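Here is the structure we will look at, set down as structure tokens.
All values derive from a computational prediction rather than experimental measurement.
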Number of protein chains: 2
Amino acid sequence: MPSRLIVSRELADLFRLLAHADRLRLIEELRSGEKDVTGLAQALDLPSTRISQHLALLRTHRLVEERRDGRNHFYRIVNPSLALWILDALPFVDIRLRLEEADHIDTARALWGVPDPNASH
Amino acid sequence: MPSRLIVSRELADLFRLLAHADRLRLIEELRSGEKDVTGLAQALDLPSTRISQHLALLRTHRLVEERRDGRNHFYRIVNPSLALWILDALPFVDIRLRLEEADHIDTARALWGVPDPNASH
DNA sequence: TTCATACCTGCAAACATGCGCAGTTATATG
DNA sequence: CATATAACTGCGCATGTTTGCAGGTATGAA
């Protein structure tokens, strides 16, 4: 019954793909809609070569898709709920962050334009 | 406004921590309650040294906690909802998995003892 | 056709991670 | 005390990842 093993390996592959700050920022940047490589490079203040390399990785794992229009290549998230799921990880980040800035998680959600699910208090 | 950068780095750290099949299996194994190192080593069929190394990583990032009783060190997940959130990633794993085994996700959930949230059909 | 723009790929150096193994600490037991 | 068991840490090698850079393709405009 190697299914558990297979699944954990597939999950680990996904996590490895997301284990880079710039790739997370790319996914966040694409949350508001498709963007081309130059636009992403400007938004993240990184060389476009690097953006291409990251996008190629995300593309081979089917997390983003490409649409070409003239010289521009526009990228979009295949499954937009991915970005929401990523933000659900905020409660699990190291305690230091939570202690040093008590409302850092809410700040992050606000910065990334996501409604606070605990907005009752 | 470097908060977005800081947050994406913290998130990337978390993802890197989870980007290993054996560490995911450890977290899954601890879902049913605390276990000691030897127990985990037997469950995953891995040398206990390796288990120790993985647990040390998870510990320094406060994902698991340790309780000592005699010679045994028992580990538990600090925030049990972590395991549930990890399984929420299954819809995002590479399309190949979904095409080759259409109900692999349900199989995985069943294997890992989690109720299927789409159990209406 | 020539030039500029937008993007991609290949490669090698730098860097990070995973692993086995040897040695160590801590606790229990005879 | 000596010995056994449980677990940890440090270290070196192998493997994987990230990055800059050089060179390449494709599109559009002069």
**Asked** Hey, mind stepping through A:Glu28 and A:Arg25 against salt bridge (charged side-chain N to carboxylate O under 4.0 Å, His left out) and telling me if it holds?
**Response** CA-CA 5 Å; A:Glu28 169 50 28; A:Arg25 293 171 70 205; over 6 Å; no
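The nearest pair of heavy atoms linking B:Arg71 to B:His73 is O-CD2, 3.6 Å. B:Ile27 and B:Ile77 get closest at one heavy-atom pair: O-CD1, 3.3 Å.
Atoms CG (B:Asn72) and C1' (C:dT25) sit 15 Å apart, rounded to a whole Å. When the C1' atom of C:dA16 is taken as reference, atom CG of B:Asp13 falls 13 Å away, rounded to whole Å. Rounded to whole Å, the distance from CD on B:Glu66 to C1' on C:dT27 is 14 Å. Atom C1' of nucleotide C:dT9 and atom NE2 of A:His73 are separated by 13 Å, given to the nearest angstrom. Between the CG atom of B:Asp69 and the C1' atom of D:dT5 there is a distance of 14 Å, rounded to whole Å. Rounded to an integer number of Å, the gap from B:Asp36 CG to C:dT27 C1' is 14 Å. Here the C1' atom of nucleotide D:dG20 and the CD1 atom of A:Ile51 are 14 Å apart, to the nearest Å. Summarising the geometry, the separation between CZ on B:Arg9 and P on C:dA16 is reported as 14 Å, rounded to the nearest angstrom.
Residue A:Tyr75 has a polar side-chain atom (N or O) positioned under 4.0 Å from OP1 or OP2 of C:dC8.
Between the A:Arg76 side chain and the A:Lys35 main chain, no donor and acceptor come within less than 3.5 Å of each other.
Taking the side chain of A:Arg71 as heavy atoms from C-beta on, and the options D:dA4, C:dC8, C:dT5, the nearest nucleotide is C:dT5.
Between A:Phe92 and B:Trp85, the ring planes lie tilted relative to each other; the angle falls in the 30° to 60° range.
Side-chain atoms of A:Tyr75 and A:Arg67 include no donor-acceptor pair closer than 3.5 Å.
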Give every pair of a protein N or O atom and an N or O atom of nucleotides 17-22 of chain C that lie under 3.5 Å apart, one pair per line with the distance.
unit_1 : atom_1 : unit_2  : atom_2 : d
C:dT17 : OP1    : B:Arg16 : NH1    : 2.8
C:dG18 : OP1    : B:Arg23 : NH2    : 3.3
C:dC19 : OP2    : B:His20 : NE2    : 3.3
C:dG20 : OP1    : B:Arg50 : NH1    : 2.9
C:dG20 : OP2    : B:Arg50 : NH1    : 2.6
C:dG20 : O6     : B:Gln53 : NE2    : 3.1

